[in-house]
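First the structure, in the form of structure tokens, and then the observations on it.
In this text the structure is predicted, and so the values were computed from the model without any measurement. Each ligand, and each atom within it, is numbered from 1 in the order the structure gives.
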Amino acid sequence: MSTIAAFYGGKSILITGATGFMGKVLMEKLFRTSPNLKVIYILVRPKADQTPQQRVFQILNSKLFEKVKEVCPDVHEKIRAISADLNQSDFAISKEDTQELLSCTNIVFHCAATVRFDDHLRHAVQLNVAATQQLLLMASQMPKLEAFIHISTAYSNCNLKHIDEVIYPCPVEPKKIIDSMEWLDDAVIDEIAPKLIGDWPNAYTFTKALGEMVVQQESRNLNIAIIRPSIVGATWQEPFPGWVDNLNGPNGIIIATGKGLLRALRATPKDVLDVVPVDIVVNLTLAVGWYMAVRRPTSMLIYHCTSGNLNPCNWGKMGPQVLATVKKFPFEKAFRRPNADFTTNTITTLYWNTVSHRAPAIIYDFCLWLTGRKPRMTKLMNRLIRSLSLVEYFIKQTWEWSTYNTEMLMSELSPEDRRVRTALT
Ligand SMILES: CCCCCCCCCCCCCCCCCC(=O)SCCNC(=O)CCNC(=O)[C@H](O)C(C)(C)COP(=O)(O)OP(=O)(O)OC[C@H]1O[C@@H](n2cnc3c(N)ncnc32)[C@H](O)[C@@H]1OP(=O)(O)O
Ligand SMILES: NC(=O)C1=CN([C@@H]2O[C@H](COP(=O)(O)OP(=O)(O)OC[C@H]3O[C@@H](n4cnc5c(N)ncnc54)[C@H](OP(=O)(O)O)[C@@H]3O)[C@@H](O)[C@H]2O)C=CC1
């Protein structure tokens, strides 16, 4: 049996963001490979008129958890959904639940974040910085805590070209940003946000960098590690290939390509696109949790979960593969036959956006209108074009990430764990 899977046996684990893309895969892997774990606490907010319990029930009954039900039939007893809202300063967790979390938790995986590139700075600071600070304070009051694993992003320092597995100082003190968000009104924040964010491309990456500084400043005597995944895509192998449940990162663009919506994408074929499957990120996350708890390194470690220097994939390879796949497995109700190509400058991008994206949508909506149906394609195409403009920063340039710590960790794994967990090489 895997040493890492055995380690999580009997453990009480707290996951934030467990209802998210990565959190679900993390939870699934834990229940499937360590069914004798004691409990997984998940902080869940009520959403779309569903109670936390109803949301958990829906997740456990989804296709992603089919294998879990076979190996961990008592999964419903082992998951504890705790009603919480990380937007609230005390997370709006009841006293009883707080007491149970503080006295029982052995491992914390902090995945929760707002990952939207266009989020308001106040909301991004609250979730990606202040909530992290609050969770670290809670963690410092957990007598049984063995490791605290913070999920950041490889793009938290995207203002640099070469990024090492270290924490880079931010130009702004996180505590001052948190305090100012408490009394500035939205109009003032909108005014100063571009100056505060500086040479970061958006509030998301900026607040993820601030979050890392908070982890460093508030680490106290905690046993902490930070994991920085690059662009996280669908599952590669576990629990089955191709699972994804949102349109973020590459997912929305691949789906838009398959639906014949996307016909032109600004990218340079030789440029490397750093994508990692979500199950690989989760495998590294669990390995880091084990390593930090068992080997107890003397300092906080940062792990890059990137593929660019281990198994690079460039646009010239990714594009044709995506097109071949969506042609082999066509999407239902596609707008057009999938076909896309790269543009390499602003002029051709504007031209193809007009000719291949906006004009066909307008014509299609006119036909819908003529036949008494509600036009919808122009709105969707505008959303896609806006999504592309927001991710363009990450597509039109490349970065170099060192992976010394990640490779060192891989060398510490048993042969069984190395077989299961390393696929970046
Ligand atoms: C030919 C080659 C092909 C190559 C394939 C490979 C592609 C690789 C692409 C690389 C991307 C790089 C990402 C960089 C990641 C950085 C690392 C991280 O940490 S990132 C961490 C992860 N973070 C991110 O990735 C953040 C990126 N995403 C965002 O910031 C926001 O989603 C948004 C601002 C882009 C769109 O906001 P907004 O406009 O408000 O849209 P909402 O979200 O609210 O959805 C509203 C409606 O629109 C619909 N819809 C949405 N998107 C698409 C789409 N692409 N399409 C179609 N439809 C789309 C959606 O269904 C919904 O419909 P309905 O429910 O109303 O019916
Ligand atoms: N996806 C990617 O490409 C990458 C992601 N990452 C990092 O991985 C982590 C997980 O990302 P991902 O799974 O994609 O993100 P998702 O948006 O899928 O999940 C975010 C999670 O955070 C929770 N959350 C958000 N706001 C609150 C709140 N106010 N109270 C309680 N919970 C809240 C969400 O809960 P709810 O379901 O209620 O909304 C959800 O569970 C993030 O830290 C992100 O920065 C890093 C690199 C790349």
Side-chain angles (χ1 to χ4, degrees), residues 14-28 41-52 54-56 58-59 62 64 81-93 108-117 119-120 122-132 134-135 149-158 163 202-212 215 226-235 243-254 273-282 284-285 302-307 390-391 394 399 401:
L14 166 60
I15 303 177
T16 71
T19 55
F21 171 49
M22 202 178 299
K24 282 176 190 160
V25 178
L26 174 63
M27 202 165 45
E28 191 277 338
Y41 297 107
I42 61 173
L43 304 187
V44 187
R45 57 180 173 169
K47 200 173 184 185
D49 66 30
Q50 280 188 311
T51 65
Q54 287 167 330
R55 296 189 68 191
V56 169
Q58 189 174 27
I59 291 170
S62 66
L64 182 69
I82 291 180
S83 183
D85 183 351
L86 302 187
N87 283 320
Q88 310 293 325
S89 55
D90 62 352
F91 291 172
I93 300 176
V108 175
F109 293 106
H110 182 32
C111 302
T114 174
V115 299
R116 292 182 61 101
F117 293 163
D119 222 338
H120 194 271
R122 182 200 303 280
H123 185 238
V125 167
Q126 170 53 43
L127 214 54
N128 298 350
V129 193
T132 299
Q134 175 65 20
L135 190 67
I149 310 304
H150 175 73
I151 308 295
S152 183
T153 171
Y155 296 92
S156 51
N157 300 286
C158 57
I163 301 155
N202 54 43
Y204 167 69
T205 50
F206 176 63
T207 53
K208 290 300 281 189
L210 290 176
E212 290 184 3
V215 171
I226 295 178
I227 296 175
R228 290 176 178 158
S230 53
I231 300 166
V232 181
T235 50
W243 181 85
V244 68
D245 76 340
N246 68 30
L247 291 168
N248 281 338
N251 313 322
I253 292 175
I254 290 171
L273 177 72
D274 205 298
V275 189
V276 280
V278 61
D279 47 333
I280 296 300
V281 179
V282 162
L284 178 64
T285 301
I302 319 287
Y303 295 88
H304 283 162
C305 189
T306 56
S307 56
L390 285 164
V391 301
F394 302 96
W399 289 265
W401 290 278

Report, in ascending order of atom number, the atoms of ligand 2 lying under 4.0 Å from any heavy atom of [X].
{"X": "Gly20", "result": "13 (O), 18 (O), 19 (O), 40 (C), 41 (O)"}
{"X": "Met22", "result": "5 (C), 6 (N), 8 (O), 13 (O)"}
{"X": "Asn87", "result": "29 (N)"}
{"X": "Phe21", "result": "13 (O), 14 (O), 18 (O)"}
{"X": "Val115", "result": "11 (O), 15 (O), 17 (O), 44 (C), 45 (O)"}
{"X": "Leu86", "result": "28 (C), 29 (N), 30 (N), 31 (C)"}

Shortest non-hydrogen contact from Pro277 toward Val232: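 Closest pair (atom of Pro277, atom of Val232, distance): C-CG1, 4.4 Å.
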Measuring from [atom], which candidate in [options] has the nearest non-hydrogen atom?
{"atom": "atom 27 (C) of ligand 2", "options": "Arg228, Arg45, His123", "value": "Arg45"}
{"atom": "atom 20 (C) of ligand 2", "options": "Ala92, Gly233, Ala113, Gly17", "value": "Ala113"}
{"atom": "atom 10 (C) of ligand 2", "options": "Pro52, Gly23, Pro250, Cys111", "value": "Cys111"}

Could an N or O of ligand 2 be found under 3.5 Å from any N or O of [X], whether backbone or side chain?
{"X": "Thr19", "answer": "yes"}
{"X": "Pro229", "answer": "no"}
{"X": "Lys208", "answer": "yes"}

With a 4.0 Å cut-off on heavy atoms, is [X] in contact with ligand 2?
{"X": "Asp85", "answer": "yes"}
{"X": "Tyr204", "answer": "yes"}
{"X": "Arg55", "answer": "yes"}
{"X": "Ser230", "answer": "yes"}
{"X": "Leu43", "answer": "no"}
{"X": "Ser152", "answer": "yes"}
{"X": "Ala112", "answer": "yes"}

Quick one: does any side-chain atom of [X] pair with a main-chain N or O of [Y] as donor and acceptor, under 3.5 Å?
{"X": "Thr114", "Y": "Ala124", "result": "no"}
{"X": "Trp401", "Y": "Ala154", "result": "yes"}
{"X": "Lys208", "Y": "Ile151", "result": "yes"}
{"X": "Arg55", "Y": "Arg45", "result": "yes"}
{"X": "Thr306", "Y": "Ser230", "result": "no"}
{"X": "Gln126", "Y": "Leu86", "result": "yes"}

Less than 4.5 Å apart, side chain to side chain, heavy atoms only: is that true for Val25 and Trp243?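 Side chain of Val25 against side chain of Trp243, heavy atoms only: contact under 4.5 Å found.
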Centroid separation Tyr155 to Phe117 less than 6.0 Å: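 They do not qualify: ring centres at least 6.0 Å apart.
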Identify, with sequence neighbours excluded, every residue that meets ring pair (Phe, Tyr, Trp, His ring centres under 6.0 Å) alongside Tyr303.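 Applying ring pair (Phe, Tyr, Trp, His ring centres under 6.0 Å) to Tyr303 gives none.
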Which residues pass the ring pair (Phe, Tyr, Trp, His ring centres under 6.0 Å) test with Phe91, sequence neighbours left out?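 Residues passing ring pair (Phe, Tyr, Trp, His ring centres under 6.0 Å) with Phe91: none at all.
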Ile163, Thr205, Thr153, Asn202 screened by side-chain contact (heavy atoms from CB on, under 4.5 Å) with Cys158, the one that passes: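 When Ile163, Thr205, Thr153, Asn202 are each tested with Cys158, the side-chain contact (heavy atoms from CB on, under 4.5 Å) holds only for Thr205.
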